[in-house]
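Okay, so here's the structure we're looking at.
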Amino acid sequence: MRFAGKNAVITGAASGLGREVARRMAAEGAAHLLLLDRDAAGLAETEAACGGVGHAQVMNVADAEAWDALDAGTPDILICAAGILGPAVPIWECPPEAWDEIFAVNVRGTYLAARKIVPLMRKPGAIVNFASTAGIAGSAVLGPYSASKGAVLMLTKSLALGLATQDVRVNCVCPGSIETPMLTQTFAAAGDAAAQSARAEAYRQRHPMQRFGRPEEVAEAVLYLASDAAGFVTGVALPVDGGRLA
Ligand SMILES: NC(=O)c1ccc[n+]([C@@H]2O[C@H](COP(=O)([O-])OP(=O)(O)OC[C@H]3O[C@@H](n4cnc5c(N)ncnc54)[C@H](O)[C@@H]3O)[C@@H](O)[C@H]2O)c1
């Protein structure tokens with residue numbers, strides 16, 4: 001029961017990794033989980049899985065006015081999992097609108113969350129952002145996404161330094177390829193069935209553990225960073241990647 005009595009705000013809570021974090025925080029005693037996402041149907045499912053402590057609010061994390069209007073209470077924890085992949089194209093082929101959208105959701109959304117939540121936080125507070133292995137190593141296929149996740153990583157470190165004496169720790173996880181709808185989308189973007197399975201196999205192979213990660217394996221790392229057990233851990237970008245960056 002690492003989160004007994006804790007209040008958390010979780011973005012991207014309608015699917016994949018955000019949902020898994022929410023579900024497990026609820027199971028470990030959280031008192032109140034504010035679940036944010038733009039997907040109403042997915043949010044309702046997560047809310048149901050959180051057994052009464054989840055409270056869904058449909059929201060676009062890139063919308064500053066929506067953050068201003070949000071009643072976020074007094075959170076102990078902020079988890080920023082909302083993210084999009086954008087088009088799987090080399091950077092020079094990325095349309096400007098798609099580039100702006102990736103940065104709006106992945107980077108601006110993470111910044112706006114901190115802007116809203118940091119002043120409201122109870123101490124000790126903890127923030128966990130979602131970067132990626134693609135935020136540490138570049139990606140020929142997912143160039144715009146990779147650039148955005150590199151920005152999330154440095155946003156995390158700068159926040160950690162800024163809040164180091166204010167009893168708020170800030171870290172991020174850098175997942176490798178994890179079995180969620182986003183990974184399916186990455187493979188689907190490769191083209192026909194043969195191209196999709198070739199990309200899936202190439203992605204699997206580049207993880208020394210020779211498999212994809214499971215959502216619960218990332219959630220466990222997030223929960224550790226969000227918990228008091230990580231009391232002296234701040235500014236860290238933790239790979240959860242089956243050895244991909246080793
Ligand atoms: N799955 C992976 O392999 C992987 C690897 C590395 C990093 N990540 C990161 O982990 C995080 C979670 O990814 P996931 O795999 O669970 O993906 P997912 O697609 O299953 O979930 C992402 C969630 O973010 C929400 N979202 C997207 N744009 C939004 C917006 N503007 N406002 C509010 N909500 C929005 C989506 O509706 C969705 O519910 C993302 O930041 C992603 O970049 C995932």
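Numbering of ligands and ligand atoms starts at 1, following listing order. Count residues from 1 along the sequence. Keep in mind that the numbers below use all heavy atoms, side chains included, and drop hydrogens, waters and symmetry copies.
- Atom CG of L225 sits about 7.0 Å away from atom CZ of R169, to the nearest 0.5 Å.
- Classification of R204 and E179 as a salt-bridged pair fails, no side-chain N sitting under 4.0 Å from a carboxylate O.
- Residue G16 approaches ligand 1 through these ligand atoms, each under 4.0 Å from one of its heavy atoms: 16 (O), 20 (O).
- In this structure, atom 17 (O) of ligand 1 lies nearest to the protein heavy atom M182 CB, 3.4 Å.
- Considering each of G12, A104, G83, the one bringing a non-hydrogen atom nearest atom 27 (C) of ligand 1 is G83.
- Residue N60 has at least one nitrogen or oxygen atom sitting less than 3.5 Å from a nitrogen or oxygen atom of ligand 1, judged on distance alone.
- Using a non-hydrogen distance threshold of 4.0 Å, K149 registers as a contact of ligand 1.
- Side chains of N129 and T156: a donor-acceptor N/O pair is present below 3.5 angstrom, by distance only.
- Listed by number with element, the atoms of ligand 1 under 4.0 Å from a non-hydrogen atom of P175 are 5 (C), 6 (C), 7 (C).
- Looking only at heavy atoms of the protein, atom 8 (N) of ligand 1 is closest to Y145 OH, 3.5 Å.
- Scanning the protein heavy atoms around atom 3 (O) of ligand 1, the nearest turns out to be I178 N, 2.8 Å.
- Using a 4.0 Å cut-off between heavy atoms, P215 makes no contact with ligand 1 at all.
- Close N/O approach between S132 and ligand 1 is not found [any backbone or side-chain N/O within under 3.5 Å].
- Both the backbone and the side chain of V61 come within 4.0 Å of ligand 1, judged by heavy-atom distances.
- Surrounding CD of E65 are at most 12 heavy atoms belonging to other residues, nucleotides or ligands under 6.0 Å away.
- You'll find the ring centres of F212 and F187 inside the 6.0 Å limit.
- Distances between N or O atoms of A81 and those of ligand 1 include at least one value under 3.5 Å.
- Using a 4.0 Å cutoff on heavy atoms, R19 does not count as a contact of ligand 1.
- By the criterion of a heavy-atom distance under 4.0 Å, the backbone of S177, and not its side chain, is placed next to ligand 1.
- Ion pairing between R115 and D68 holds under the 4.0 Å rule for side-chain N and carboxylate O.
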Might you work through the side chain to side chain contact (heavy atoms under 4.5 Å, CB included) test for I136 and L153, ending with a clear yes or no? CA-CA 8 Å; I136 298 175; L153 198 155; 3.5 Å; yes

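- Of the charged side-chain nitrogens involved, none lies within less than 4.0 Å of a carboxylate oxygen, so that E216 and R23 do not count as a salt-bridged pair.
- The protein heavy atom nearest to atom 16 (O) of ligand 1 is L17 N, 2.7 Å.
- Given atom 33 (C) of ligand 1, the protein heavy atom at minimum distance is M59 O, 3.2 Å.
- For atom 35 (C) of ligand 1, the choice among A82, A41, A62 with the nearest heavy atom turns out to be A82.
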side-chain hydrogen bond (donor to acceptor under 3.5 Å, both in side chains) for S227 and R2? Distances and angles first, verdict last. CA-CA 7 Å; S227 75; R2 285 176 288 185; 4.8 Å; no

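- Residue-ligand proximity: G213 is placed with every non-hydrogen atom at 4.0 Å or more from ligand 1.
- A salt bridge links R24 to E220: one of the charged nitrogens lies within less than 4.0 Å of a carboxylate oxygen.
- For atom 36 (C) of ligand 1, the closest non-hydrogen atom on the protein side is D37 OD1, 3.5 Å.
- Listed by number with element, the atoms of ligand 1 under 4.0 Å from a non-hydrogen atom of V105 are 28 (N), 29 (C), 31 (N).
- Put simply, L112 and V168 are part of the same group of oily side chains (I, L, V, M, F, W, Y) that touch within less than 4.5 Å, one to the next.
- Distance check: W92 CH2 to C94 SG gives 11.5 Å after rounding to the nearest 0.5 Å.
- Using a 4.0 Å cut-off between charged side-chain N and carboxylate O, R214 and E20 make no salt bridge.
- How far CD1 of I10 is from CG of L17: 12.0 Å, rounded to the nearest 0.5 Å.
- Pairing each heavy atom of A104 with each of R108, the nearest pair is O-CB, 3.1 Å.
- Evaluated by nearest non-hydrogen atom to atom 5 (C) of ligand 1, the leading choice among P181, G176, G18 is G176.
- Those atoms of ligand 1 with a heavy atom of I84 less than 4.0 angstrom away are 27 (C), 28 (N).
- Looking at atom 15 (O) of ligand 1, its nearest protein heavy atom turns out to be T180 OG1, 2.5 Å.
- Atom 29 (C) of ligand 1 has as its closest protein heavy atom R38 NE, 3.4 Å.
- Every heavy atom of G109 sits 4.0 Å or more from the atoms of ligand 1.
- For ligand 1 and A131, the ligand atoms under 4.0 Å from any heavy atom of the residue are 7 (C).
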